[in-house]
Amino acid sequence: NALFVMAHKGSVCMIQRLNSAVLGVFGASATRASHGGVGAGRCVRSQLNTATFAVRGFSSTSVARSQEDYLKTMRNIGISAHIDSGKTTLTERILFYTGRIHEIHEVRGKDGVGAKMDSMELEREKGITIQSAATFCQWKGHQINIIDTPGHVDFTIEVERALRVLDGAVLVLCAVGGVQSQTNTVDRQMKRYKVPRLAFINKMDRMGSDPWRVVKQLQEKLFLNAAAIQVPIGLEDRLDGVVDLVEMKAYRFLGDKGEKIEISDIPADMLQECTQKRQSLVERVAEVDDELAEHFLLSEEPPPGELLRKAIRRATLGLKFVPVLMGSAYKNKAVQILLNAVLDYLPNPLERQNFALDADQEEKEVQVQTKPDEPLVAYAFKLQESQFGQLTYLRVYQGTLRKGEMVLHVSSGKKIKVPRLVRMHSDEMQDVDHAKAGDIVALFGVECATGDTFTDGKTRLTMTSMHVPSPVMSLALHPKKKDQLDKFSKALNRFTREDPTFRVGFDAETKQTIVSGMGELHLQIYVERIRREYGVECEVGAPRVNFRETVTRKATFDYLHKKQSGGQGQFGRIMGYIEPTETVMDPIQFENLMIGNAISPSWMAAVEKGFHEACQEGPLIDHQVSGCRFVVNDGASHAVDSSELAFKLAAKGAFRQAAQAAGPVILEPIMSVEVSAPEEFQGVCVSAINKRKGVIENSEVQHGTVIINCGVPLANMFGFSTELRSSTQGKGEFTMEYREHSPVMPNVQQELMAAHAAAKAAKAKA
């Protein structure tokens, strides 16, 4: 109550200091105290009596702020990492210390509640994040919008679309595992969207934790200019806190949940090490920041904390440096300091450049203005079905989105009313009247697709799309009961709208519904969701690997399609050649090198269409063709009998004729596989990989755990999870992601062709 009285009397300076100290240092309990909780107030007073603290002041949220101030105190961040690095646990602690939740629950917790951000029943059962979840919180007068993303490579699209709309990110790493396979994928995604980041080395309490090895891996494996801005006080079960190298102060975390912070001088036995680490930090930042470099060269004194902090911020925003922090979310160590670093080093929406395509200027790339009073530009980055209908997650890049107003759906050209606008806290919703530039919100009742743009009709800007990886595995799927076909179709339609990497097709030959996804787990999860959410039991056919076909050498063709059946016949002749492109996975290419008009342009379009249709079924096993160029350099037509159909059929025949002579081969997807297991199972793991015709590229032992990196054909990976677990007493794990398509061995090609021929013969008899 005293805080609010002082504010009304105009004692702004005093409330700034009180708010900064209480909210910044004590997080959750202080936030509860500011809302008038008597017990919480006692908690804060006791903390003030027992801890020494010194935290920089921030403006009180009670003071009116301009639009620019509002944006300066906003952070949109994502938390990404390899599976089981502690992302969701870290988010749970952030929500607790900022007062967003009042109890901490663990992933797969014994109390049966589960972490707040894992709202789906399947997520709590399996202990993994399947869908990205959004939330928001307050810290030191700043609003932080957070998206917690999955770590499993099968759900990589969730990371992709989160990073597409976020301004900054926290890359979480395990202090024991370090840089792992999915860490590489997340790193590529962050670089693709030019997202500034912090690195947080989590699980410092685990046996075998080695933060300096992880920092070295960031530098050598991910090629990042990274350096630690903290030094741990103790390791493993002796982890007590961290030393901040910027301010050269020691932070210890007391209390049952680490809510009490004690700030003191650096222990004498650590002073020399911390001085050396700070010098290394300064040298790395000075390499990419001119202002710090000038001080480094001209002054013998170490740079003051504020100068170093500003230099780290400039270098981080410029994608030239990655600050590395340390702690243990599970043991409640150093999470509050990570929140401080998010404010200190990650950008606000004004500090990020976002671009859109302007339809009025022939889709010229223009920069979007992050201003609430500009014409509206909002981007739909995630869809989710809820009990109230389709929930569309939006990032507002420009202008203001208001409840009840009409917006233009750019793709369809339709005007749509915004019926309800909410801010998400995992699966909970908070209604809002408007959302300004920089906000992340969700709206109901709007039919759209992932990647669509909304405006107010005053501008014709379209946001650039996100990268969507291609599926690598397919299954034949159909409901056990025919009367459930409607529910089955409704489920597939919903999931394909929500997840761009989940594809559904119909195989005209087998009369089967084929679902494709990013891996075995990805498809298993959707089959389970169809059963739970729609009550449809499905029969799953053998997984169908997405093979490709290509050619290996140049082959010419001179093909005449001629048919006379009374009346107008069919006549089309084309000459040219096919040849391989630079890489086997290049899209197919069509070139017209004809001189003259032996074939009219309209019929040439039919030739191109025929070639594209022919490439849908390759010459060997009827799989799609890639890495092939089709060149037409001559031809002939008939004044009466030539037609578009004749030339389309001629193109198909020419391709079939030339493909057989061009050394056709089958390509199979090769996966990058990382297997980890206790060291005593190294021989078992190597044997299992060799049995599946894998090529081992690297093997190393880290603190009793063997990590094997290899490339394995996807067709040989089915059932590997069960075999690995049974042969390692349940202790072995593996991750895999698509790497490339590569030609199969000649004997495998013959087996695939024989199996395909047998299947066709059996179908013909039936």
Side-chain angles (χ1 to χ4, degrees), residues 3 18-37 39-41 43-44 47 51 53 55-62 70 72-79 86-106 115-119 133-148 166-170 172 198 200 202 251 253 255-261 325 327-346 348 423-430 432 438-440:
L3 293 177
L18 284 168
N19 274 347
S20 301
V22 175
L23 290 176
V25 177
F26 299 112
S29 56
T31 305
R32 292 195 288 274
S34 69
H35 286 83
C43 176
V44 171
Q47 290 166 358
F53 58 92
V55 181
R56 300 182 309 284
F58 286 90
S59 299
S60 168
T61 53
S62 64
Y70 169 77
K72 284 182 178 178
T73 56
M74 180 188 290
R75 300 290 185 273
N76 293 317
I77 67 166
I79 298 180
K87 299 175 300 302
T88 304
T89 303
L90 175 62
T91 309
E92 187 83 357
R93 269 44 177 195
I94 289 174
L95 294 177
F96 176 75
Y97 292 127
T98 56
R100 202 72 188 80
I101 59 175
H102 304 304
E103 291 292 335
I104 294 176
H105 297 287
E106 304 302 342
K116 178 66 184 175
M117 301 303 282
D118 284 347
S119 57
T135 187
F136 61 96
C137 58
Q138 296 276 341
W139 182 254
K140 290 189 175 181
H142 287 61
Q143 177 180 309
I144 305 177
N145 296 316
I146 302 172
I147 297 182
D148 175 34
L166 293 170
D167 300 320
V170 178
V172 183
L198 305 173
F200 180 71
N202 193 22
Y251 290 76
F253 304 89
D256 293 339
K257 296 174 181 175
E259 69 276 14
K260 300 176 184 178
I261 301 178
L325 296 94
S328 170
Y330 183 68
K331 294 294 185 182
N332 309 310
K333 305 288 186 186
V335 177
Q336 301 98 314
I337 311 303
L338 174 64
L339 279 167
N340 291 343
V342 167
L343 306 189
D344 285 342
Y345 305 125
L346 291 184
N348 61 57
R423 296 180 68 189
M424 300 302 297
H425 175 44
S426 187
D427 57 340
E428 296 174 10
M429 303 168 199
Q430 175 184 316
V432 294
D439 277 331
I440 293 176

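Just so it is clear, the model here is predicted, and its values are computed rather than measured.
- Heavy-atom neighbours of K257 NZ from other residues, nucleotides or ligands within 6.0 Å: above the threshold of 12.
- At least one side-chain heavy atom of M424 sits less than 4.5 Å from a side-chain heavy atom of M429.
- You'll find the side chain of T73 reaches within 4.5 Å of the side chain of H142, heavy atoms only.
- Heavy-atom minimum distance, W139 versus Y97: CZ3-O, 3.6 Å.
- Nearest heavy atoms, S328 versus N202: CA-OD1, 3.5 Å.
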Requested in this report: May I have the step-by-step check of side-chain contact (heavy atoms from CB on, under 4.5 Å) for K140 and N340, ending in yes or no?
Outcome: CA-CA 8 Å; K140 290 189 175 181; N340 291 343; 3.0 Å; yes

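- Contact check for D439 versus Q143: side-chain heavy atoms found under the 4.5 Å cut-off.
- Note that the CD1 atom of I146 and the CG atom of L95 stand 6.0 Å from one another [nearest 0.5 Å].
- Two residues are said to be in side-chain contact when any heavy atoms from C-beta on lie closer than 4.5 Å; R75 and N145 fail this criterion.
- Atoms CD and CZ, on Q430 and F136 in that order, are 4.0 Å from each other to the nearest 0.5 Å.
- By the 4.5 Å heavy-atom criterion applied to side chains, F253 and K331 are not counted as neighbours.
- I77 CD1 to L198 CG: the interatomic distance, rounded to the nearest 0.5 Å, is 8.0 Å.
- Residues C137 and T98 approach most closely at CB-OG1, 3.3 Å, considering heavy atoms.
- Here the CD-CZ distance, from Q336 to R93, works out to 11.0 Å after rounding to the nearest 0.5 Å.
- What you find for A334 and G327 is that their closest heavy atoms are CB-CA, 4.0 Å.
- Contact record, A329 with V335: CA-CG2, 4.1 Å, taken as the closest heavy-atom pair.
- Going from atom CG of L343 over to atom NZ of K72 covers 15.0 Å, rounded to the nearest 0.5 Å.
- The heavy-atom pair separating N76 from G438 by the smallest distance is ND2-O, 2.7 Å.
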Requested in this report: Go through the steps for V170 and L325 under the test side-chain contact (heavy atoms from CB on, under 4.5 Å), then give the verdict.
Outcome: CA-CA 10 Å; V170 178; L325 296 94; over 6 Å; no

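- Once rounded to the nearest 0.5 Å, the distance linking CG of D167 with CG of L346 reads 9.5 Å.
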Requested in this report: For the pair I94 and I144, evaluate side-chain contact (heavy atoms from CB on, under 4.5 Å) and give the outcome as yes or no after the intermediate values.
Outcome: CA-CA 10 Å; I94 289 174; I144 305 177; over 6 Å; no

